[in-house]
Trainee: 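Input: one structure, supplied below.
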Number of protein chains: 2
Amino acid sequence: MPTIQDVARDAGVSTATVSRVFSAPDLVLEGTRQKVMEAVARLGYEPNFAAKSLRTLRTEKILVTVPDISNPFFSRVIRGVEEAAHAAGYSVLLGDTRHQEEREEQYATMLRRKEADGLIFLGHRLPDTLADMVAAMGPRTPIVNGCEFAPDLGVASAHIDNTAAAQEVMDHLYGLGHVRVGVITGPLASPLSADRLAGVRAAAERHGQADALQVITGDFTIESGLLQATELLARPLRPTAIFCFSDEMAMGALEAIRRAGLVCPRDVSLVGFDDIRFAEYLAPQLTTVSQPMDAIGHEVVRLLLDILKGRATTLQQVTLPHRLVVRASTAAPPAA
Amino acid sequence: MPTIQDVARDAGVSTATVSRVFSAPDLVLEGTRQKVMEAVARLGYEPNFAAKSLRTLRTEKILVTVPDISNPFFSRVIRGVEEAAHAAGYSVLLGDTRHQEEREEQYATMLRRKEADGLIFLGHRLPDTLADMVAAMGPRTPIVNGCEFAPDLGVASAHIDNTAAAQEVMDHLYGLGHVRVGVITGPLASPLSADRLAGVRAAAERHGQADALQVITGDFTIESGLLQATELLARPLRPTAIFCFSDEMAMGALEAIRRAGLVCPRDVSLVGFDDIRFAEYLAPQLTTVSQPMDAIGHEVVRLLLDILKGRATTLQQVTLPHRLVVRASTAAPPAA
DNA sequence: GTTACGGATGATTTCGATTACATCAGCGCG
DNA sequence: CGCGCTGATGTAATCGAAATCATCCGTAAC
């Protein structure tokens, strides 16, 4: 592998000039630039990344951690992140934490070792060591949270208004005439689930149906949707509608409905959350809350770059628009 | 950020000793090690990654490129890759090429700049500049291909036997009594599609049904499954079974079947490929070929590490086991 | 015609770790 | 008692590029 020295020698200039050709071409005479570029082409020179990074203290890399990359919601957000990062000349270091705190800490270490310029995390936990960093650096900490909204972490974030979205779902169901509504939440440790549940409760109270709510906790997976919906459907006062906090759980719930010998939406209405690509290809097509997954990905990158470029002075927490997409899985409850 | 110098001073030793504490602890006296570790803890020292990488010429990073991370098949393979890489102390640089050759080249550049120790690519194209590298380094080139099998590229790979898998699918359909079988392939530029098609053709000929095959090209997306299946179902001699080269296309085909007022599997049997998590939650549950996505991910990492550690002298191309999973979407053709 | 200035380029230091080589103390052995 | 060896540690070169400071040359101003 040729180095900048080799190029300099070959082009008959100093290494400083070669370096300038890349980083500040307008400081170099056109003829000299040509000579250097020819030498570069001739030798097949590529600047060594580690050397550059050591000198500049920049890596042009963004570390992105995600609880589970095989989840279509997250993988779509990641795609948006990758797209925006790539457009800005950054590349993406992927960390799949598998919901494990230990792994989150390990990835946090990478940030402290300067293996990446910043961190985007899509979970809801901020590793302790990074919390210290936030305390020290304030709104200039190069850490951004996506999807969740945990104001007390003190990091920039991009997310939807989960509370409002959940309320809209409930309004839709109550509007159709449902009374007994089952709700399968995600783990309540995540603010995202807590917010949605708050929205559910607020709407229920507004409609005077708080007592008819049947809340049960899931973990966002298909299997837990199947399990919890089965449980809900076996109750004597079976809900006529089920609201799942993820489309995956709704897929499981749909299977539970079928196994119970019921038909969606005739017997039981079903609502999901996220609007992953598969939601509209289920039978029946799934009513769900559409999250702007691409936009969230782009936005978290924008927020992080603002911080890295020193453009951010205050803490930015951005709420992006969601949309209730009513499809075929919700209808009026059975006449009873 | 404290440096190794600061730690050395604080601990009253030389930088060499500090370095040894991390990279070769048994060369250091226990007491000295303690002193150093205390200084490290006191100052909150983390070795600078760029400096280390510059000196050692290693990055402990693996670049992984994928045509589309939001595809559940790929995201699952990636999860396997991340898992195996992490277990071996490597981290993953993710590149989403969006099927674009230009992007593939850009990521190839990262390898040449030594931003990663090796490359795992899940598409079927090897950028030109890397082909040169392969030509020069032979089986020691730190590049591994996953999922596809293109022997002429000369890179290590892990994949299933696509030809055999496709034959099994066709045998299953012919065994059920189907004659007119529609096949929706992927882009034929990929060896993977070509291999499967070869398997389809071989089986058709073996069963004397080559003329009844109805092959049409898709692009692995739900939308193309919907489109191409609609086209197949509109033909006068409608196929009684459709074999899609991906589960996503099968989801689209399922929708096409519904829209045509038909019922799967009563009127039309359907087979997918990959066995993504959602396949068994479709209605009807999808018959498909299960690919060992986790194992592919683990295996490509193993192959790459073998090369990086100098353990590989010959070109390794590994075939992993697949499995035809018969579920509810295939049945005997209608009596007609 | 000297001075001053600015544009182009070169010489050299620097980033922070690793590592080959040097040093030094202690010990066993003849 | 001195030689040589081994084990622990220090000294200093090195990785490859970026950036500071120095230098050189030509030109415009007085």
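No hydrogens, no waters, no symmetry mates; every other heavy atom, side chains included, goes into these values. Here is the naming used below: chain letters follow the sequence lines, and residue numbers restart at 1 for every chain.
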Trainee: Round to a whole Å and report the spacing from CZ of A:Phe49 to P of D:dA18.
Mentor: 12 Å
Trainee: Output the single nucleotide from D:dA19, C:dG10, D:dT11 whose closest atom is nearest the side chain of B:Ala16.
Mentor: D:dT11
Trainee: Please state how far atom CG in B:Asp6 lies from atom P in C:dG16, giving the value in whole angstrom units.
Mentor: 9 Å
Trainee: Which of residues 19-43 of chain B have a heavy atom under 4.0 Å from DNA chain D?
Mentor: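 Heavy-atom contacts with DNA chain D come from B:Arg20, B:Val28, B:Leu29, B:Thr32.
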Trainee: From the options C:dA17, C:dT12, D:dA17, select the nucleotide whose nearest atom is closest to the side chain of B:Gln5.
Mentor: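 It is C:dA17.
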Trainee: If I take atom CG in residue A:Leu54 and atom C1' in nucleotide D:dT14, what distance separates them, rounded to the nearest angstrom?
Mentor: 12 Å
Trainee: Report, as yes or no, whether the 6.0 Å neighbourhood of atom NZ on B:Lys52 holds more than 12 heavy atoms from other residues, nucleotides or ligands.
Mentor: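 Counting other residues, nucleotides and ligands, NZ of B:Lys52 stays at 12 neighbours or fewer.
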Trainee: With ring-ring contact (aromatic ring centres under 6.0 Å, His included) as the test, would you mind laying out the steps for B:Tyr107 and A:His86 before giving the verdict?
Mentor: CA-CA 10 Å; B:Tyr107 285 110; A:His86 188 266; 5.4 Å; yes
Trainee: For B:Glu60 and C:dA17, give me the distance from atom CD to atom P, rounded to whole Å.
Mentor: 15 Å
Trainee: In whole angstrom, give the distance that lies between atom CE of A:Met1 and atom P of D:dC15.
Mentor: 16 Å
Trainee: With distance as the sole test, does A:Ser75 use its side chain to make a donor-acceptor pair with the main-chain N or O of A:Pro72 at under 3.5 Å?
Mentor: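 Yes, A:Ser75 side chain to A:Pro72 backbone: donor-acceptor pair under 3.5 Å.
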Trainee: For B:Glu30, is there an ion pair with B:Arg33 - N to carboxylate O distance below 4.0 angstrom?
Mentor: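 Salt bridge between B:Arg33 and B:Glu30, a charged N being under 4.0 Å from a carboxylate O: yes.
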Trainee: Please determine, by modelled atom types, if A:Ser70 and B:Arg76 share a side-chain donor-acceptor pair under 3.5 angstrom.
Mentor: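 There is no such pair between these side chains.
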Trainee: Using a cut-off of 4.0 Å on non-hydrogen atoms, how would the nucleic acid contact of A:Val13 be classed: base, sugar-phosphate, or nothing?
Mentor: sugar-phosphate
Trainee: Expressed as a whole number of angstroms, how long is the span from B:Asn48:CG to D:dA17:P?
Mentor: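 It works out to 17 Å between those atoms.
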Trainee: Checking only heavy atoms, does the side chain of A:Arg55 share a donor-acceptor pair with the base of D:dA17 at less than 3.5 Å?
Mentor: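 There is none.
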Trainee: For the backbone of A:Glu82 and the side chain of B:Asp96, can you confirm whether one donor and one acceptor N or O come within less than 3.5 Å of each other?
Mentor: no
Trainee: With a non-hydrogen cut-off below 4.0 angstrom, is A:Tyr45 in contact with a base, only sugar-phosphate, or nothing?
Mentor: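 Sugar-phosphate contact only - A:Tyr45 comes under 4.0 Å of backbone atoms but never of a base.
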Trainee: Which angle, rounded to 10°, do you find between the first-five-pair axis and the last-five-pair axis of the helix from C:dG1-D:dC30 to C:dG30-D:dC1?
Mentor: 50°
Trainee: So, is A:Ser14 close to the C:dG10 phosphate, meaning a side-chain N or O under 4.0 Å from OP1 or OP2?
Mentor: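 Yes, A:Ser14 has a side-chain N/O under 4.0 Å of OP1/OP2 on C:dG10.
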Trainee: B:Arg58 CZ to D:dG16 C1': how many Å, rounded?
Mentor: 17 Å
Trainee: In whole angstrom, give the distance that lies between atom CD1 of B:Ile4 and atom C1' of C:dT14.
Mentor: 17 Å
Trainee: Going by atom types alone, do A:Thr129 and A:Glu105 pair a side-chain donor with an acceptor below 3.5 Å?
Mentor: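 Yes, a side-chain donor-acceptor pair sits under 3.5 Å.
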Trainee: Using heavy atoms to find the nearest nucleotide of DNA chain D for B:Leu57 and A:Lys52 separately, return the residue whose nucleotide is more 5′.
Mentor: B:Leu57
Trainee: With a 4.0 Å cut-off on N to O distance, would you call A:Lys61 and A:Asp117 a salt bridge?
Mentor: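 No.
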Trainee: Give the intermediate values and the outcome of salt bridge (charged side-chain N to carboxylate O under 4.0 Å, His left out) for residues A:Glu101 and A:Arg103.
Mentor: CA-CA 5 Å; A:Glu101 208 159 348; A:Arg103 291 226 188 180; over 6 Å; no
Trainee: Indicate whether OP1 or OP2 belonging to C:dG10 is found under 4.0 Å from a side-chain N or O atom of A:Thr17.
Mentor: yes
Trainee: Ignoring hydrogens and geometry beyond distance, is a side-chain donor-acceptor pair present between A:Gln291 and A:His159 at under 3.5 Å?
Mentor: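 No.
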